[in-house]
Amino acid sequence: MSHINENIQLEFIISHAKAYGFIFPSSEIYNGLSAVYDYGQYGVLLKNNIKNFWWKSMVQLRKDIIGIDSAIMMDTNIWKASGHINAFNDLMIENLNTKSKHKIDILIEEYIENKIQKEINNAKIILGNSFNEEYFIKNNTNIIALNLKKKKIFEQMFKLLKSNNIAEIKSLLIELEIINNNWGNIQKCNLMFKTKLGYTDDKQIDIYLRPETAQGIFSNFSNVQKTGRMKIPFGIAQIGKAFRNEIIARQFIFRMKEFEQMEMQFFIAPHEDKKWFSYWKNIRLKWYLSLGLDKYYFKFKNHTKLAHYANAATDIEYKFPFGFKELEGIHSRTDFDLRNHQKFSKKKLQYYDPYKKCCYIPYVIETSAGLDRIFLSIFSYSLKKELLPNGNSRIVLKLPPTIAPIKAAIFPLVNKDGLPEIAINIFNKLKLYYNIIYEEKESIGKRYRRQDAIGTPFCITVDYESLSDNNVTIRFRDSMLSKRVSIKNLKKFLENHINMKILLKKIINIYNKN
RNA sequence: GCGGGAAUAGCUUAAUUGGUAUAGCGUCAGCCUUCCAAGCUGAAGAUCGCGGGUUCGAAUCCCGUUUCCCGCUCCA
């Protein structure tokens with residue numbers, strides 16, 4: 001057996017996902033909604049299995065992590081505290097030469113950063129080995145002045161924004177030589193989806209659909225810590241939908257406007273962030289590999305430009321058909337979120353540490369995975385075109401058996417002579433434990449191939465010998481070989497091959513070794 | 001957002017450069033079938049992405065638009 005093409009194209013993945021009921025474009029009968037997709041009958045099963053595996057790994061197996069499910073709608077102040085709403089976040093401007101669009105606040109940050117970096121580079125050359133960067137940044141008068149200047153610029157901009165003087169902001173940027181006349185007008189855009197709360201017009205207030213699930217965890221920190229009697233270090237996990245008005249959505253379900261995150265915020269003592277950051281980096285990569293995926297398809301990518309909340313960040317990337325792209329982010333968020341929520345809500349979000357005998361705002365290490373992206377990675381990894389010894393080819397979805405949507409299919413070899421009755425009997429017994437299907441239509445070969453295409457790891461066939469010896473044939477999806485097993489041992493056979501506890505045991509091993 | 005390409009049945013696709021649409025696979029019903037998309041009979045399924053224009057006549061030409069793919073770009 002050989003692979004016809006190692007690099008399966010995205011278009012083929014999309015058409016297979018549609019043809020076999022995994023993923024459909026949203027609102028397709030109305031021409032489709034851009035960057036929104038629906039999960040079909042097999043897609044939802046696969047997705048739920050991935051979710052389930054994550055939840056059991058992160059919550060069920062760990063006494064130091066508990067799970068919650070917070071609401072999608074939250075008080076707007078949460079997004080002020082988190083930094084998602086700030087006055088300049090939504091302002092964009094286009095460089096007419098390069099046709100690229102830029103966020104105003106980032107342009108200013110970069111402008112100041114570049115100047116600071118120049119000072120640092122100069123000092124390095126002059127001072128040589130005796131140069132201490134941390135000390136220099138804190139005490140150099142030029143750098144202090146630059147930081148002051150930045151503060152002033154933002155203050156000025158804020159004033160202009162308040163008086164709705166957006167055109168003046170552009171003049172200010174030109175004056176500072178951040179941009180020149182070859183830039184377009186400043187435009188407002190919304191990266192968060194807005195909706196209205198209140199059912200009469202006069203009582204309506206704007207709220208946002210959450211752009212990340214994390215804030216539901218931070219805002220519940222105190223409740224969960226106290227009622228769960230959790231001691232630091234501990235984590236809060238959550239799976240849920242998030243919404244972003246992506247400027248450009250591309251690559252199938254990789255970047256969607258409505259997507260699902262699986263994330264865990266791990267609360268730790270201040271300055272233990274380095275240790276826990278590398279711990280979770282390590283654990284999370286091994287979680288992917290435990291599914292049996294080749295490590296050649298994964299890599300870490302360290303962020304050089306950090307988000308406003310992080311002091312260290314790494315992505316776990318997967319080699320998609322369109323290149324290495326982020327699956328999961330591991331971020332060291334410091335106490336940024338809790339500190340800001342304490343400030344905005346005026347509620348204490350501190351933790352009394354009984355061992356250290358002091359109060360502090362915990363630091364946070366975040367692991368934030370994109371469920372749809374993991375789905376796509378596993379789906380594209382598993383989809384193969386194979387050339388068979390007889391010259392034919394087959395399309396087979398070699399999913400890890402434990403997360404396959406259908407675990408086994410039961411067939412009578414022929415549709416007569418009492419064979420269907422035995423097969424239905426087996427089906428009725430096994431369906432209590434696993435998601436399986438019964439099928440009697442078409443030839444046996446066609447039924448095997450249909451199961452190959454949706455990733456069913458085992459097909460169980462009742463034949464004439466079964467009538468006398470009570471054995472059936474189990475046909476393996478990946479090797480296409482078969483094996484005789486007695487009917488009464490089927491449940492045990494499946495348990496040994498497709499029960500999720502096989503994976504969970506691996507995860508326990510990983511936890512014990514780290 | 002820019003540039004390039006595409007859109008015909010569930011999937012893959014044909015239509016001699018203007019004459020209301022082809023097939024394979026799949027699906028459904030029946031027959032037949034002793035292990036890898038077998039065979040026979042029959043059936044359903046396409047206002048050719050959508051809107052407009054040119055024309056006696058448009059899947060085909062023109063304009064607009066939507067969606068998708070590729071490359072840039074962007075991405076707390």
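In what follows, chains carry the letters A, B, and so on, assigned in the order in which the sequence lines appear, proteins first and then strands, with residues in each chain numbered from 1. Both backbone and side-chain heavy atoms feed into the values below; hydrogens, waters and symmetry mates do not.
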Cationic N near anionic O, under 4.0 Å, A/Glu326 to A/Lys301: no
Lys NZ or Arg CZ of A/Lys325 over A/Phe320 ring: under 6.0 Å, within 45°: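 Output no; distance or angle outside limits.
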N/O contacts under 3.5 Å, protein versus nucleotides 3-7 of chain B?
none

Counting any heavy atom closer than 4.0 Å, what does A/Gln251 reach on the DNA or RNA strands: base, sugar-phosphate only, or nothing? sugar-phosphate
Base, sugar-phosphate or nothing for A/Thr461? Non-hydrogen atoms, less than 4.0 Å.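 Base contact - A/Thr461 has a heavy atom under 4.0 Å of at least one base atom.
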A/Asn415 vs B/U33: side-chain N/O to OP1/OP2 distance below 4.0 Å: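 For B/U33, neither OP1 nor OP2 has a side-chain N or O of A/Asn415 closer than 4.0 Å.
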State whether A/Lys416 places a side-chain N or O below 4.0 Å from either non-bridging phosphate oxygen (OP1 or OP2) of B/U33.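 Looking at the OP1 and OP2 atoms of B/U33, one of them is under 4.0 Å from a side-chain N or O of A/Lys416.
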Contact residues, residues 439-452 of chain A to RNA chain B [heavy atom, < 4.0 Å]: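 Residues of residues 439-452 of chain A that come under 4.0 Å of RNA chain B are, in numerical order, A/Lys441, A/Ser443, A/Ile444, A/Gly445, A/Lys446, A/Tyr448, A/Arg449, A/Arg450.
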Strand RNA chain B in bracket notation, Watson-Crick/G-U under 3.5 Å with | for pairs to another chain: (((((((..(((......[...))).(((((.......))))).....(((((..]....))))))))))))....
Could you please name the option among B/A76, B/C11, B/C75 that lies closest to any side-chain atom of A/Lys18?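 For the A/Lys18 side chain, the nearest candidate turns out to be B/C11.
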Under the side chain to side chain donor-acceptor pair (under 3.5 Å) rule, what do A/Tyr111 and A/Lys149 come out as? Steps first, then yes or no, please. CA-CA 11 Å; A/Tyr111 165 78; A/Lys149 187 178 177 184; 3.2 Å; yes
Between A/Arg210 and A/Lys241, is there a donor-acceptor pair closer than 3.5 Å when you use the side chain of the first and the backbone of the second? yes
Among A/Phe259, A/Phe22, A/Phe375, A/Phe24, exactly one meets ring pair (Phe, Tyr, Trp, His ring centres under 6.0 Å) together with A/Tyr39. Which residue is that? A/Phe375
Work out how far the P atom of B/C36 is from that of B/G24, and round it to whole angstrom. 25 Å
